[in-house]
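Everything on this sheet refers to the single structure shown next.
We count ligands from 1, going down the list as the structure has it; atoms in each ligand are counted the same way.
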Amino acid sequence: MQAIVLERPGERLKPATLPDPTPRPGQLLLEVAACAVCRTDLHLRDGEIDAPKLPVVLGHQIVGRAPDGRRYGVPWLGFTDGTCHYCQTGRENLCINAGFTGRDIDGGFAELTVADERFCLPLPDGVPDEQLAPLLCGGLIGYRALRMAGDAARLGLYGFGSAAHQICQVAVHQGRTVFAFTRPGDVRTQEFAQSLGAAWAGGSDEAPPEPIDAAIIFASAGPLVPAALKELAPGGTVVCAGIHMSDIPAFPYEDLWHERSIRSVANLTRDDGHEFLALAPEVPVVTTVTTYPLAQAEQALADLRAGAFEGTAVLLA
Ligand SMILES: [Zn+2]
Ligand SMILES: [Zn+2]
């Protein structure tokens with residue numbers, strides 16, 4: 001099969017011909033129809049998060065077809081032990097022996113993949129492959145982050161990419177007011193956010209028209225944490241939704257005072273996946289995608305790094 005592999009972080013992804021994967025008992029062999037690109041793929045490519053298995057096939061937002069024709073989604077959570085303290089208490093996202101798709105397990109930047117059937121998600125019918133793929137990380141980990149924002153009526157989204165463009169639609173559907181924060185001066189993305197229902201959009205250096213009850217930070221810039229904290233109403237929460245972030249600068253305790261809190265969100269549980277994939281068609285979440293042939297994976301990552309497109313990049317095998 002044709003695949004795109006990461007041999008060494010910091011270097012370009014390389015096309016490779018690999019042996020077709022053979023499913024072990026309990027695994028599904030899937031023909032990859034579409035695989036969305038996530039900022040985590042870029043962090044792995046750039047060496048900002050650790051890639052313990054090299055070479056590795058990146059990609060953890062896979063829409064694949066099994067030999068019987070059924071369509072499955074393969075998300076980031078690829079394996080858990082089911083026995084550790086976290087698994088036993090409904091927090092398999094924190095499993096101490098978790099294996100992640102496209103990092104510990106070869107992922108979807110390939111024509112074929114194998115995945116543990118217990119972690120594959122059934123997908124809604126009637127939506128094209130490339131429209132569904134972004135739901136599988138940006139959507140469902142974004143949705144987990146939205147849950148951590150509690151019942152916040154006024155929600156700030158910092159970094160308006162793959163996750164935020166979906167979660168904005170969900171939040172508006174739930175009756176929340178969304179304020180979208182982009183890179184200063186990024187008018188195109190601000191207009192995109194407003195087209196998806198954001199009540200206000202501006203630069204991350206601007207103050208929203210009123211205080212916010214929660215902020216979700218999807219961007220990987222640590223200085224956004226104290227910036228968001230400054231805009232929070234008392235009792236509000238800043239949720240950091242990314243796997244990697246640059247250092248968070250010091251800030252006055254006064255900004256945290258009045259029961260404001262800062263927390264992170266890590267990975268997903270299968271329940272998150274089932275819940276979000278059931279909700280998405282009801283909203284409905286409509287994804288904005290830019291498609292690339294599999295061979296142009298490196299270009300897709302470069303365009304993500306540069307902020308060259310709105311929404312999500314999706315590779316088509
Ligand atoms: Zn991801
Ligand atoms: Zn576990």
Under the ring pair (Phe, Tyr, Trp, His ring centres under 6.0 Å) rule, what pairs show up with a residue in residues 91-126, not counting sequence neighbours?
W76-F100
With side-chain contact (heavy atoms from CB on, under 4.5 Å) as the criterion, how do Q169 and V286 come out once you've worked through the C-alpha distance, each side chain's angles and the decisive distance to 0.1 Å?
CA-CA 8 Å; Q169 297 173 57; V286 179; 3.9 Å; yes
What lies under 2.8 Å from the Zn ion (ligand 2), restricted to protein N/O/S atoms, is D81 OD1, C84 SG, C87 SG, C95 SG
Apply the hydrophobic cluster definition, ILVMFWY joined by side-chain contacts under 4.5 Å directly or through others, and give me every member besides F179.
Y158, F181, W200, I212, I217, L224, V225, L229, L232, V238, M245, I248, F251, Y253, L256, W257, I262
Judged by modelled atom types alone, do Y292 and D303 share a side-chain donor-acceptor pair under 3.5 Å?
yes
Electrostatic pair R71:D125 at N-O distance under 4.0 angstrom:
no
Return the set of protein N, O or S atoms whose distance to the Zn ion (ligand 1) is under 2.8 Å, each given as residue and atom.
C38 SG, H60 NE2, C137 SG
Do V170 and V289 belong together in a cluster built from hydrophobic side chains that touch within less than 4.5 Å?
no
Got a salt bridge between E48 and R45, using NZ or NE/NH1/NH2 to carboxylate O under 4.0 Å?
no
Salt bridge check, D272 against R147: does any charged N sit closer than 4.0 Å to a carboxylate O?
yes
Rounded distance (nearest 0.5 Å) linking atom CG of D129 with atom CG of L123
8.5 Å
